[in-house]
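Notes follow once the structure below has been shown.
We're numbering straight along the sequence, starting at 1. In each ligand, atom 1 is the first atom listed, and ligand 1 is the first ligand listed.
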Amino acid sequence: MAEFTMTIGGRSVAAEETFGVVNPATGAVHEQAPDCSPAQLDEAMAAAAGAYRDWKRDIEVRRKALHSAADLLMASAADLAPVLTGEQGKPLQDATFEVIGAGIWLKYFADLELPREVIQDDDNAFVEVVRRPMGVVAAIAPWNFPLVLASWKIGPALLAGNTMVLKPSPYTPLATLRLGELLRDVFPPGVFNVVSGGDRLGAQMTTHPVPRKISFTGSVETGKLVAAAAAPDLKRTTLELGGNDPAILLDDVDVATVADKVFAQAFANNGQVCSAIKRVYVPEALYGDVVDALAAKAREAKVGDGMTEGVQFGPINNKPQFERVSELVADALSGGARAAAGGKPVDGPGYFFEPTILADIDDGTRIVDEEQFGPALPVIAYRDLDEALDRANGTHFGLSGSVWAADPERGAAVAAELECGTSWVNTHLALAPHQPFGGFKWSGIGVENGPWGLHGFTELQVIHRSKK
Ligand code: NAD
């Protein structure tokens, strides 16, 4: 086994206790990760608070460090990607893209400007509005994209002048611990700390007196706990939570082309993407053809250990999630839905599940109403577009959605009716560093990415110079 340590105050820190990290392709523990004690969390918070005093002073120093971090990360892709595949399950090529993607995000933020706006300059006063850092950021990440989603926090938080204590998911701590090790000499000690542990550690971070901001990505359920924990201390929060993204096909689409794209954007990362397509609404006249085309794609897909060349989809990341997807699919089938492809776990060890297309299914079924977060896609027929829009919007979720149309103007008009943070036309999952990303309703509070994401790590300050 390799050794993984936490990064606290620029030092390598082991913990008294460790916890097992499972390789989802085998279902067996393959590495151990440090289980951060409350005293070690205090040390990490104190280190971050101490480093803040200098780190906030010079944006040029911060830009340079973030560029160096990005370069080092990208140059280390061949070392980091197998660690990520081993704990997350995704194919090695996807893991490599994730490492490079994290570097691209860091570089984007390294070059952003922090605006300084003059809002009054007259005989009475010179008034500027500036963006100030907040202090220590507690960053908490999920298991589906451990590195890239951490980079959405690290880049803007550190550029703005904050320091950070980052906690990855207990299912995927290893690549993030390696990231901490890799960047130990890039940032001054205490600027970037990485601790690992279970959900309890996350809860301790959200009630800890030091952080002024919590940047959280994870489920709606946990997001609500984070919001409640942050309230007594009025900590600022950005919450990037779950989604149940609808894709609505209009009646003029070319079925073959659209089915290819919809399949790719529903099953990316084995369906474990907050903003993947999670339910598809299809006009009745096209329904049979769309189901058949999606089912053909699902049957062709190569599922296996992410370390095996040519594998398209790895296992589901963890046992509870594997059991949840299995349960939602079984519930749909017992309620009368038809598995046009897949429908059950793959025999053998590991958390593999057949890519599944569920037909003859409707709203009111759990897998349509809830977030499945796995390789199973319900396809729902509709008669009337307004009714499809009502069903698409009739949910507590509001992360993203898409409309598919031969006529893009018509598509855009329908997309404008979706109640969600990102509304795509003829694509889905087209995320980019300059595009703000966040959810309506229960899918989140605040946004990440773009200047808007950077501003989320700042407080507005007015500097008013009297001229009288
Ligand atoms: P999760 O909410 O179970 O866990 C996320 C993180 O929160 C983990 O690090 C976990 O240890 C920590 N945590 C657990 N309990 C906590 C508590 N009480 N206080 C503080 N932290 C706590 O989510 P998950 O299962 O890891 O991730 C999957 C979910 O994340 C899905 O719902 C998915 O849609 C969502 N997600 C959202 C986005 C987005 O940007 N909107 C991106 C990726 C994933």
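The proximity of Phe145 to ligand 1, defined as any non-hydrogen pair under 4.0 Å, does not occur for either the backbone or the side chain. Contacts with ligand 1 closer than 4.0 Å are made by side-chain heavy atoms of Glu371 only, the backbone lying farther away. Contacts with ligand 1 closer than 4.0 Å are made by side-chain heavy atoms of Val226 only, the backbone lying farther away. With a heavy-atom cut-off of 4.0 Å, Phe373 touches ligand 1 through its side chain alone. The proximity of Ala141 to ligand 1, defined as any non-hydrogen pair under 4.0 Å, is limited to the backbone.
Nearest to atom 5 (C) of ligand 1 by heavy atom, out of Asp199, Val220, Thr217, Thr222, is Thr217.
In terms of polar-atom proximity, defined here as any N/O pair under 3.5 Å, Ser219 does make such a contact with ligand 1. Not a single N or O atom of Thr206, backbone or side chain, sits closer than 3.5 Å to an N or O atom of ligand 1. Residue Phe437 has no nitrogen or oxygen atom sitting less than 3.5 Å from a nitrogen or oxygen atom of ligand 1, judged on distance alone. At a 3.5 angstrom cut-off on N or O pairs, Lys278 does not count as close to ligand 1.
Near Pro168, the atoms of ligand 1 lying under 4.0 angstrom from a non-hydrogen atom of the residue are 9 (O). For ligand 1, the atoms lying closer than 4.0 Å to a non-hydrogen atom of Ile140 are 6 (C), 7 (O), 9 (O), 12 (C), 20 (C), 21 (N). Listed by atom number, the atoms of ligand 1 under 4.0 Å from Trp143 heavy atoms are 24 (P), 25 (O), 26 (O), 27 (O). Taking every heavy atom of Glu240 and a limit of under 4.0 angstrom, the matching atoms of ligand 1 come to 37 (C), 38 (C), 39 (C), 40 (O), 41 (N). The atoms of ligand 1 that sit less than 4.0 Å from any heavy atom of Leu149 are 42 (C), 43 (C). Listed by number with element, the atoms of ligand 1 under 4.0 Å from a non-hydrogen atom of Asn144 are 43 (C), 44 (C). Atoms of ligand 1 found under 4.0 Å from any heavy atom of Pro142, numbered from 1 in the order shown, are 26 (O), 27 (O), 43 (C), 44 (C).
For the side chain to side chain contact (heavy atoms under 4.5 Å, CB included) with Leu166, the qualifying choice from Ile140, Leu177, Thr176, Thr7 is Thr176, the only one to do so.
When only modelled atom types and interatomic distance are considered, Asp245 and Ser275 share no side-chain donor-acceptor pair under 3.5 Å. A donor and an acceptor atom, one from each side chain of Asp233 and His208, are nowhere located under 3.5 Å apart. Using modelled atom types, one finds a donor on one side chain and an acceptor on the other under 3.5 Å when comparing His67 with Asp111. In this structure, a donor-acceptor pair under 3.5 Å is absent between the side chains of Asn270 and Lys90. In summary, the side chains of Thr5 and Arg184 do present a donor paired with an acceptor at a separation below 3.5 Å, with no hydrogens or angles considered.
When all heavy atoms of Thr206 and Ala229 are compared, the closest pair comes out as OG1-CB, 3.4 Å.
In this structure a side-chain-to-backbone donor-acceptor pair under 3.5 Å is missing from Tyr382 to Leu389. Put simply, the side chain of Asn162 never gets that close to the backbone of Pro133: no donor and acceptor are under 3.5 Å apart.
Nearest protein heavy-atom neighbour of atom 30 (O) of ligand 1: Gly218 C, 3.0 Å. Nearest protein neighbour of atom 42 (C) of ligand 1, counting heavy atoms only, is Cys274 SG, 2.9 Å.
Residues Trp143 and Phe373 bring their aromatic ring centres within 6.0 Å.
By the 4.0 Å heavy-atom criterion, Gly439 is excluded from the residues contacting ligand 1.
Relative ring orientation between Phe187 and Trp55 is described as perpendicular, the plane-to-plane angle rising above 60° on a 0-90° scale split at 30° and 60°. Taking the six-membered ring where tryptophan is involved, the planes of Trp424 and His428 are tilted, since the angle between them lies from 30° to 60°.
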request  = Could you please spell out the steps behind the salt bridge (Lys or Arg N to Asp or Glu O under 4.0 Å) verdict for Arg178 and Glu87?
outcome  = CA-CA 13 Å; Arg178 278 277 179 272; Glu87 62 180 348; over 6 Å; no
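The nearest protein heavy atom to atom 7 (O) of ligand 1 is closer than 4.0 Å.
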